[in-house]
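Chain letters run A, B, ... following the sequence lines, proteins first, then strands; residues in each count from 1.
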Amino acid sequence: MGQGILSLVTNDNELARLVGYGSSARVYLFSGRSQRLCVLQLCFQAKNFIDTLVHGDGIIFAFHHVATGALAYFALAPYLHLYAPFFFGISEISTLFIAILVNFDDQQGIKVSRSLITN
Amino acid sequence: MAERFPITMTVCGGTFAVLFILFRVIVWPLVGLHFWRDGLAQFGYSGRVQVAGMAFVIGGSTTSGVAPMHSPAVVGLFLVVKKLRARSRYHNPKVKTVRYSGLGIGIALEFGRGVLGVCAIITNRRVFWVFKYFFLELIASVLVGRIHMGNNKDKGCALCTYHLSHTSTSISIFGLRDFAFSKPNATAFLK
């Protein structure tokens, strides 16, 4: 079922081909698009790590970004490229909305003057 | 911003909640089940062990998400895996070492997390919490990479599978728990 979901949402012929292969191919075969996704994830986590340090989010988030970045790096071997679209792509969709949502926070969000609100 | 654009905030918050639950709580374990099976299939097929392994991962993740101290559940699952391991060794002694080495390291990491959890509760020191939730997982990542990129792909495969499914599921459950119960500001728009 999980692989069916992957093949539907990725629309990637290269990955869809891997779904029908044996487990060894699904684990170790190379996919150019997944490789690109892993590189993007690695860069994204590096950026997040810097943000964490600059804005003082705490050591827990720093460890989280290092651990996730390490996973993206090791996936370049290649490893589990069939599953990269979900774990490094689809699952991050919700992050987009939480990133927007934080703008509404009273302390860390965008400040809007009272005059704009009343108008 | 919240006073100026209340509907936008509600829509963004609701969309986040739906996507989070859909992808990170419901679909994640389903996909995780498949790559867990793919990983263990590298050592030879054993349906019972694969199911037990997945039960271990999901069970450990769920209990660690719901309660900080989950060692009793881990011990129970460990005994199940150990029993299945003994049976499988009887049937196929040649593959037993490689097949279970990754799972064994995973169990050791899980016990390490449990011990650190106990230390964290007793001493209430933040350093134990940090080590419990992230340091061991970072070690697992490094081990996976080192072993996987070396000659022994089997060990790396099992470790990475363990690490991905456990860490990710655990973080998802933690996120949901915090989202629902521990952060009133985050759920304000749902009320």
Side-chain angles (χ1 to χ4, degrees), chain A residues 1-6 9 19 22-28 58-77 79-80 82-83 85-87 90-107 109-114 116-119, chain B residues 1-6 8-9 11-24 27-35 37-42 45 126-127 129-131 133-135 137-138 140-142 144-146 148-149 153 156-157 160-161 163-164 167-168 171-172 185-186 189:
Chain A
M1 183 179 176
Q3 289 164 6
I5 292 170
L6 278 174
V9 296
V19 174
S23 61
S24 180
R26 291 198 294 268
V27 171
Y28 292 118
I59 192 169
I60 290 178
F61 284 97
F63 272 116
H64 169 65
H65 295 316
V66 170
T68 311
L71 273 177
Y73 171 73
F74 292 133
L76 298 173
Y79 189 76
L80 292 173
L82 175 64
Y83 300 97
F86 178 77
F87 290 106
I90 298 167
S91 65
E92 295 290 346
I93 292 175
S94 60
T95 307
L96 170 67
F97 292 94
I98 196 70
I100 297 173
L101 197 62
V102 78
N103 290 312
F104 294 93
D105 188 82
D106 290 336
Q107 278 79 41
I110 299 172
K111 302 290 187 297
V112 177
S113 67
R114 285 282 169 188
L116 282 174
I117 296 172
T118 51
N119 291 335
Chain B
M1 279 284 283
E3 295 175 23
R4 176 80 170 163
F5 306 105
T8 308
M9 187 186 76
V11 169
C12 283
T15 309
F16 166 74
V18 170
L19 291 175
F20 188 93
I21 292 170
L22 177 65
F23 289 131
R24 300 210 173 214
V27 179
W28 196 297
L30 292 175
V31 181
L33 172 66
H34 281 276
F35 80 77
R37 289 171 63 99
D38 278 348
L40 284 184
Q42 301 304 304
Y45 180 78
R126 193 181 179 192
V127 63
W129 291 112
V130 173
F131 270 74
Y133 293 124
F134 295 99
F135 188 65
E137 289 159 8
L138 190 61
S141 283
V142 174
V144 167
R146 294 293 297 174
H148 170 63
M149 291 192 288
K153 285 186 174 180
C157 185
C160 191
T161 303
H163 173 63
L164 264 177
T167 304
S168 306
I171 287 174
S172 300
N185 289 335
F189 57 86

Novice: Is there a side-chain contact between B/Thr8 and A/Phe104 (heavy atoms, below 4.5 Å)?
Specialist: yes

Novice: OG1/B/Thr15 to CD1/A/Ile100 distance, rounded to the nearest 0.5 angstrom?
Specialist: 8.5 Å

Novice: Calculate, to the nearest 0.5 Å, the distance between atoms CG and CD1 belonging to B/Leu19 and A/Ile90 respectively.
Specialist: 11.5 Å

Novice: Can you name the closest pair of heavy atoms from A/Leu101 and B/Gly13 and give their distance?
Specialist: CD1-N, 3.7 Å

